[in-house]
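What follows is a short report on a single structure.
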Protein chains: 2
Amino acid sequence: MQDILFNFMAKYISLTEEEKNVIISLDIFRSLKKGTVLLKEGQKSQDNYFVLKGCIRKYYIIDGEEKTTAFYTELEALTPHCVTSNMPSEYYVNCIEDSILVVADSSMGVEVNSKFPKFDIMCRMLSEELLAKQQIDFDEFKTSSPEQRYLNLLQKRPDLIQRVPQHQLASYLGIKPQSLSRLRARIVGKKS
Amino acid sequence: MQDILFNFMAKYISLTEEEKNVIISLDIFRSLKKGTVLLKEGQKSQDNYFVLKGCIRKYYIIDGEEKTTAFYTELEALTPHCVTSNMPSEYYVNCIEDSILVVADSSMGVEVNSKFPKFDIMCRMLSEELLAKQQIDFDEFKTSSPEQRYLNLLQKRPDLIQRVPQHQLASYLGIKPQSLSRLRARIVGKKS
DNA sequence: CACATTTCTTAACTTAAGTGAACGAATTAT
DNA sequence: ATAATTCGTTCACTTAAGTTAAGAAATGTG
């Protein structure tokens, strides 16, 4: 299980056995059941998440309606906004599958960082990589129609369409569930 | 002129006179006329931009049409994707006003970073700050209608609506210029 | 297993955005 | 200064998304 994490980290930095042991001793691996809510609106938290297995989801509740804006699957990380801003969270995070996560408090980050400056380097690389990806995704979203966004997702993340409920996918695509249903029917019609 | 940059940097790190002189000696200040194209699709570049005065704009050309996805004004920074990916640029960048920019090649960054580790710290802070902001913006975009996005922009960046041409604003909001015109007329009608 | 709840789809209708075209206003170029 | 673009708005029409409602399918629970 830990190996998934270490293999991932190996892409950025090299780790000694000793360093790996320090990480293991932190006891940061968590097995969570589908539906578990990790973060709620209004809550303050310092927890960062890294998905080893499963899927977590970020969503807002606006006018009583859930609006899903992101999914995080294997090898993806989420640092909730409230962690960096030190403000109450604007959104919720839950598990939409049984999942195994690394849950690391910011204080652990500080501790590990002070022992191993490598960590800082890795975090910076990750943050820059994520920012670049995020900007491209946003640009694509802005410049395409709901239908194009759906087809694009079908190309890039076909797994998401399989494992995620339609109504959550819909708001992820910026539309209503009924529109997603219709849009899919339209696409099937076009193919023939 | 340089003071604008130093005051901005002072929010993140403290600078000695010596360090300031090193920065000035790099000769990174550029005065550019409205319309100047800084980066073209297909081009490789290592230049980062920081706006001291004026406004620059990022846009794609898709099916012969310009699609504007971002504006950068006073004290905002743009690191084009091609800089970090080392690939040809997917988009264009130009000045939409007479502007004064800091244009810094990545090699300068490396040089400065090695002399002053502070810089690295500032860059990391900036990148994390930007990522957080970007994620919130994307979430807001996904969860709101074109009209709400326009009203939201009117609140948060009223200056942009004044200084930016309507057809560029339209694609920034994810719609066509005609739709923006109509939407504005609709809002004016509602007020009374 | 049966019941309750949630989720997905379909349909009819409403509202808003996309499209193509026209026209005056504003800006830019000569 | 005048001509030439480019830009912003309006209009009529088309297409697609939002809304409300209903029913079928899937999922979860006692």
With sequence neighbours excluded, tell me which residues meet side-chain hydrogen bond (donor to acceptor under 3.5 Å, both in side chains) with [X].
X      : result
A:H81  : A:E90
A:K20  : none
A:T143 : none

Return the polar atom pairs (N/O with N/O) between nucleotides 28-30 of chain C and the protein under 3.5 Å, or none.
residue: C:dT28; atom: OP1; partner: B:K34; partner atom: NZ; Å: 3.4

Query raised in the report: Can you name the residues that form a ring pair (Phe, Tyr, Trp, His ring centres under 6.0 Å) with A:Y92, not counting sequence neighbours?
Result: A:Y59
Query raised in the report: Any idea how B:F138 and A:F138 line up, ring-wise: parallel (<30°), tilted (30 to 60°), or perpendicular (>60°)?
Result: parallel
Can you tell me the distance, in whole Å, between the [atom1] atom of [X] and the [atom2] atom of [N]?
X      : N      : atom1 : atom2 : value
B:L180 : C:dT19 : CG    : C1'   : 16 Å
B:R149 : C:dA17 : CZ    : C1'   : 11 Å
A:E65  : D:dG18 : CD    : P     : 11 Å
A:I96  : C:dT6  : CD1   : P     : 18 Å

Report summary line: The complete set of salt bridge (charged side-chain N to carboxylate O under 4.0 Å, His left out) pairs with one or both residues in residues 57-83 of chain A, sequence neighbours excluded, reads A:R57-A:E66, A:K58-B:D139, A:E65-A:K176, A:E74-A:R163, A:E76-A:R157
Requested in this report: Using five pairs at either end of the helix from C:dC1-D:dG30 to C:dT30-D:dA1, determine the angle between the two local helix axes and round it to 10 degrees.
Outcome: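 Rounded value for the end-axis angle: 60°.
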Query raised in the report: Where along residues 152-172 of chain A does a heavy atom fall under 4.0 Å from DNA chain C?
Result: A:P165, A:Q166, A:H167
Enumerate all atom pairs, one protein N or O and one N or O from nucleotides 11-17 of chain D, separated by less than 3.5 Å.
residue: D:dA17; atom: OP2; partner: A:R186; partner atom: NH1; Å: 2.9
residue: D:dA17; atom: OP2; partner: A:R186; partner atom: NH2; Å: 3.0

Query raised in the report: Which residue pairs pass the side chain to side chain donor-acceptor pair (under 3.5 Å) test when at least one of the two sits in residues 24-34 of chain A, sequence neighbours left out?
Result: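 Qualifying pairs: none.
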Query raised in the report: In this structure, are over 12 heavy atoms from other groups packed under 6.0 Å from A:K118 atom NZ?
Result: yes
Query raised in the report: Does any non-hydrogen side-chain atom of A:E140 lie less than 4.5 Å from one of A:K156?
Result: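 A:K156 vs A:E140: side chains touch.
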All N/O donor-acceptor pairs, side-chain side in residues 1-12 of chain A, below 3.5 Å, sequence neighbours left out:
residue: A:N7; atom: ND2; partner: A:D3; partner atom: O; Å: 3.3
residue: A:Y12; atom: OH; partner: A:E129; partner atom: OE1; Å: 2.9
residue: A:Y12; atom: OH; partner: A:E129; partner atom: OE2; Å: 3.1

Report task. Quick one: closest heavy-atom pair of A:C55 and A:S99, and the distance? Result ->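 Where A:C55 meets A:S99 most closely, the heavy atoms are N-OG, 3.2 Å.
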Query raised in the report: Residues sharing B:L101's hydrophobic cluster, by side-chain heavy-atom contacts under 4.5 Å among ILVMFWY, directly or via others?
Result: A:I136, B:L32, B:L38, B:L39, B:Y49, B:V51, B:I56, B:Y60, B:I62, B:Y72, B:L78, B:Y91, B:V93, B:V103
Query - Distance-only polar pair, side chains of A:Q46 and A:S106, donor-acceptor under 3.5 Å - result: yes
